[in-house]
Structure formats: structure tokens, C-alpha cells
Amino acid sequence: MTRAIIVHGGAWDIPPELHAEHLAGCRAAAATGWAILEAGGPALEAAEAAIRVMEDHPVFDAGRGSHLNADGVVELDAGMMDGRTLRAGAVAAVKRVANPITLARNVLYQSEHVFLTGEGAERFAAETGVPLCDPADLVVERERRLWEARRRTEHGGQTGFGAADTVGAVALDAEGNLAVGNSTGGTFYKHPGRVGDTPLIGCGFYADNLMGAAACTGWGEQIMKTVLAKTAVDQIALLGSATDAANVAIAYFRHRVNGLGGVICLSPEGQIGFAHSTPYLAHAYRSEGMPGVVAALKKQGAD
Ligand code: ASP
């Protein structure tokens, strides 16, 4: 079976001074996930480990370093899905968990439920051994400054759609099992309690061994309306090509809602696909037969 992993580190117009860190973070994440796959580990573990690397890297809008909401607080969302069983686990609006992807994994494996939010999700973290942190530990100076600047120019009521660098991973293991995960701090200056596509099954992520797996990043309000991850997976099953599926899903997304975002995906055979309508999509991948990880920040129209 062809093992493969692809990760994303967000879309949007990633500022040039952050390009090197995005590439390095995506590369390290894909290499971490690949090492697990290469050693015969499961896809779900590879995807979780890859995402943890990016949650721990402050350049991404996930875990520590995430965007602040309108109250100046980090609120995190994450989700995972197992393509073999279709089991899924997701959490939203957690403020005291530095690695929400691990909490989502615990929901997947250890809960009778699929989705937990806020305080209840944090209580589940404590019950299942996921460390709780001080919310202030998740805030970095770069984001604090952006928030202060936005607050100074606040004329009331606008929603921020600043650059966000959500992270995600799609993996295929030697047993032929697909898995996917996504983690984010959401959009900049979001309304407290706002949840985007990232932790929503079918919108931000989807995995089915029989059809394929995909993870999305971009403007969550648009991604939700087009159920973009499941749309991409359906296209893999229809077209038999991960590249074509990613392109068709993003073309539909643009056409239908003028969508801004990106998708990464894998076919059940381990073909890699990615496409985006934003200026950049930070991503990295490796599959069987490749000598190492390839990382890129593809410019729109560059291929
Ligand atoms: N999709 C994320 C959200 O809307 C943000 C992003 O991927 O850039 O929360």
C-alpha cells in the first residue's frame, strides 16, 4: 500500500516575512507524520503528530500563536476523522488546551459523542489526561499587537477576515487506512463563540477509506456553506484523481460563493492533491518513493 501524508499550514495572503517559517513548520510537520507512517504506524497517529508540530509552532493560527477573538482571547477548534470506521471527534471554543487536536482524538476514541464545546470539552480534557493551560500561555506578542491595532481602529460590528493560518493533515498508512485532522484559532477578531469550518465534519475535514480524505483552510463561513471537504472527497470518488478533485472542488467553491480557501487531499491509493483560490497555500507532502518531504507556498497560477 502507498503510504502518504500531506499537511497544510493555512491559505490567505501569507506575508513574505513569514514564508520561511511557514515552510519550515509544514516541512517539520510532514516529516514527523511520515516517520510514523514509515515505521508502520497508523494514519490517525501520523496526522495527529503532524498537527501537534504546527500547533506548537507560534507562526500558525493553531494552538499557541493563534489569532485573538474580539475579546482578546484565544479560542481553539479542532477535529479528526478515521477513514476506516468513519469515527470522528471534534472540539470547539476551547481556551485552555494548547493541543486541541489531541483532545479531538480523545473524543474520537474515548467518547460516545462526536463534538464537545467550551467548558464541557475542557472538562473532558481533564478527564482524559489532556493538559490544561493558562489561556494567557496561548497568546503571543505578534497577535497581541495585531489585536491592539484592530481595537484602536474598531468602528463597531465588523468581522475580521485577516490572514489565518489554520493547520491540517491527511495521511494514508500501510494498512490502507486514511485519516484527517484540522486545528485552528479561527479568524482574526472573530465574535466570541464563533466556530468556523475547521472542526466540522464534511466542511473542514472528511475521511472515508472507500472514497478519499480531505482537509480545508480558508474562509470558514464560505467553506461551511459548500461542505467543501466532503465535496472534494466526492470528487475523488467520481474522478479517480486527487489533483482533479481538488481543482474541481475549489473551482466550485469559487464559482458558487466566490470562495477564498484551499484544500489538500489524498485518494485511497495515496495520490496527493491540493488546490487553492487564495494567493498562497502553505503545504508539505511525502509519499512512497519520494526521497524527502516537498514543502511549498504555491502562488496562485504558478503551475
Ligand atoms: N477555516 C478557518 C476558520 O474559518 C480559518 C482558516 O483556515 O484560515 O476558522
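FYI, the numbering just counts along the sequence from 1. Computed over heavy atoms, backbone and side chain alike; hydrogens, waters and symmetry mates excluded. Each ligand, and each atom within it, is numbered from 1 in the order the structure gives.
- Close contacts of ligand 1 with Thr166, meaning ligand atoms under 4.0 Å from a residue heavy atom, involve 2 (C), 5 (C), 6 (C), 7 (O), 8 (O).
- With respect to the salt-bridge test (charged N to carboxylate O, under 4.0 angstrom), the residues Asp56 and Arg52 do not qualify.
- Against a heavy-atom cut-off of under 4.0 Å, Trp12 is close to the following atoms of ligand 1: 6 (C), 8 (O).
- Between Pro268 and the choices Asn209, Leu210, Ile236, Asp208, the side-chain contact (heavy atoms from CB on, under 4.5 Å) rule is met once, by Ile236.
- Backbone and side-chain nitrogen or oxygen atoms of Asp197 are examined, and one is located within less than 3.5 angstrom of a nitrogen or oxygen of ligand 1.
- For the residue pair Asp61 and His67, the shortest heavy atom distance occurs at OD1-N, 2.8 Å.
- By the 4.0 Å N-to-carboxylate-O rule, Arg194 lies close enough to Glu221 to be salt-bridged with it.
- A cation-pi contact links Arg144 to Trp147, judged by a cut-off of 6.0 Å to the six-membered ring centre and 45° from its axis.
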Kindly list each side-chain donor-acceptor pair under 3.5 angstrom involving residues 14-29, sequence neighbours excluded, with atom names and distances?
| residue | atom | partner | partner atom | Å |
| --- | --- | --- | --- | --- |
| His19 | NE2 | Ile14 | O | 2.7 |
| His22 | ND1 | Leu18 | O | 2.9 |
| Arg27 | NH1 | Val293 | O | 3.2 |

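- At a 3.5 angstrom cut-off on N or O pairs, Gly186 does not count as close to ligand 1.
- In terms of N/O distances under 3.5 Å, ligand 1 is approached by Gly218.
- Across Thr278, Leu228, Thr217, heavy-atom proximity to atom 7 (O) of ligand 1 is greatest for Thr217.
- Of the listed options Arg194, Met224, Glu221, Arg194 places a heavy atom closest to atom 4 (O) of ligand 1.
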